[in-house]
Amino acid sequence: MNLALHMIQDQLALEKLQKFLQTNKLPHQDVRLSAGEKIFLGFYDDAGELVASGGLELYGDAALLRSVAVQETQRGRSLGKRMVDELIQRAQQLPVRRIFLLTESAPDFFQRIGFMPVDRGSVPPALQASSEFADVCPASAVCMFYELKR
Ligand SMILES: CC(C)(COP(=O)(O)OP(=O)(O)OC[C@H]1O[C@@H](n2cnc3c(N)ncnc32)[C@H](O)[C@@H]1OP(=O)(O)O)[C@@H](O)C(=O)NCCC(=O)NCCS
């Protein structure tokens with residue numbers, strides 16, 4: 001399958017992303033676009049359908065990785081890993097030193113990519129105040145981080 005990677009930048013694409021995240025049982029209502037502060041990407045098929053998604057929210061030298069999802073029928077084909085690798089590469093171009101995430105469903109997936117479990121208490125305060133940390137992700141979610149190589 002031919003897939004094209006695009007940045008999610010307009011209202012229509014955002015609404016499609018929110019619907020996609022809802023289908024994949026991830027937080028979706030608090031997802032917002034904000035140039036310079038948030039980067040959301042999608043892999044799209046030839047018909048323009050969203051097949052995989054992922055995003056970074058930037059908080060100074062820390063970033064929150066969120067909204068990583070792959071359409072159920074396309075899982076197990078490295079699309080999730082490609083999406084995370086792409087977002088790590090984008091973070092590498094920015095003054096970001098560490099990437100954090102919260103996950104209930106896929107800690108092993110992220111660990112394979114290089115993320116390590118970390119105590120929620122060591123997450124920078126600005127990131128702890130983000131909607132995902134503060135409101136939408138349950139306290140039982142595992143917190144993980146990735147240190148960018150500089
Ligand atoms: C988690 C998810 C994004 C993985 O996407 P995917 O495209 O199937 O994953 P990949 O094919 O890139 O897998 C990469 C590696 O992780 C492994 N892996 C994938 N999902 C895994 C999981 N849930 N638990 C453990 N390992 C997993 C794969 O076997 C593969 O290992 P390998 O490199 O040794 O072959 C996908 O299952 C998904 O959308 N889940 C629902 C949404 C979700 O939970 N998102 C994460 C929370 S933010």
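All ligand and atom numbering here is 1-based and tracks the order in the structure.
Of all atoms in ligand 1, listed by their number and element, those nearer than 4.0 Å to a heavy atom of Thr103 are 47 (C). The contact set between ligand 1 and Arg77, taken as ligand atoms under 4.0 Å from a residue heavy atom, comprises 11 (O). Ligand 1 places these atoms under 4.0 Å from at least one heavy atom of Ser78: 10 (P), 11 (O), 12 (O). Interface atoms of ligand 1 facing Ala69, defined by a heavy-atom separation under 4.0 Å, are 39 (O). In the vicinity of Ser105, heavy-atom distances shorter than 4.0 Å reach the ligand 1 atoms 43 (C), 44 (O).
The protein heavy atom nearest to atom 8 (O) of ligand 1 is Gly76 N, 2.8 Å. Counting protein heavy atoms only, atom 7 (O) of ligand 1 is closest to Gly80 N, 2.8 Å. Nearest to atom 1 (C) of ligand 1 among the protein's heavy atoms is Ala106 CB, 3.8 Å. Protein heavy atom nearest atom 39 (O) of ligand 1, with residue, atom name and distance: Val70 N, 2.8 Å. Ranking protein heavy atoms by distance to atom 46 (C) of ligand 1, first place goes to Val68 O, 3.4 Å. Nearest protein heavy-atom contact of atom 15 (C) of ligand 1 is Arg112 CD, 3.9 Å. Closest to atom 25 (C) of ligand 1, if we only count protein heavy atoms, is Asp108 CB, 3.3 Å. For atom 19 (C) of ligand 1, the closest heavy atom belonging to the protein is Phe109 CD1, 3.7 Å.
Side chain of Gln18 to main chain of Val31: a donor-acceptor pair is present (N/O by atom type, distance under 3.5 Å, no hydrogens or angles). Put simply, the side chain of Asn24 never gets that close to the backbone of Leu26: no donor and acceptor are under 3.5 Å apart. In this structure, Arg75 contributes its side chain and Val70 its backbone to a donor-acceptor pair below 3.5 Å.
Classification of the His6-Tyr44 ring pair by plane angle, with boundaries at 30° and 60°, yields tilted.
Salt-bridge annotation for Asp10 and Lys16: absent, with no side-chain N of the basic residue lying under 4.0 Å from a carboxylate O of the acidic one. Comment: Lys19 does not engage Glu15 in a salt bridge, judged by the lack of any side-chain N to carboxylate O separation of less than 4.0 angstrom. Checked for salt-bridge contact, Asp85 and Lys81 meet the test: a charged N lies under 4.0 Å from a carboxylate O.
Residue pairs meeting the salt bridge (Lys or Arg N to Asp or Glu O under 4.0 Å) criterion with at least one member in residues 46-56, sequence neighbours excluded, do not occur. For residues 93-103, every residue pair satisfying the side-chain hydrogen bond (donor to acceptor under 3.5 Å, both in side chains) rule, not counting sequence neighbours, is listed here: Asp61-Arg97.
No hydrogens or angles considered: nothing links the side chains of Glu132 and Ser130 as a donor-acceptor pair under 3.5 Å.
For atom 37 (O) of ligand 1, the nearest non-hydrogen atom from the set Arg75, Gln71, Gln74, Lys25 comes from Arg75.
Between Ser67 and ligand 1, not a single N/O pair is under 3.5 Å apart. Checked against a 3.5 angstrom limit, the closest N/O atoms of Lys81 and ligand 1 fall inside it.
The shortest distance between side-chain heavy atoms of Val68 and Ser53 does not fall below 4.5 Å.
With a heavy-atom cut-off of 4.0 Å, Met83 does not touch ligand 1 at all.
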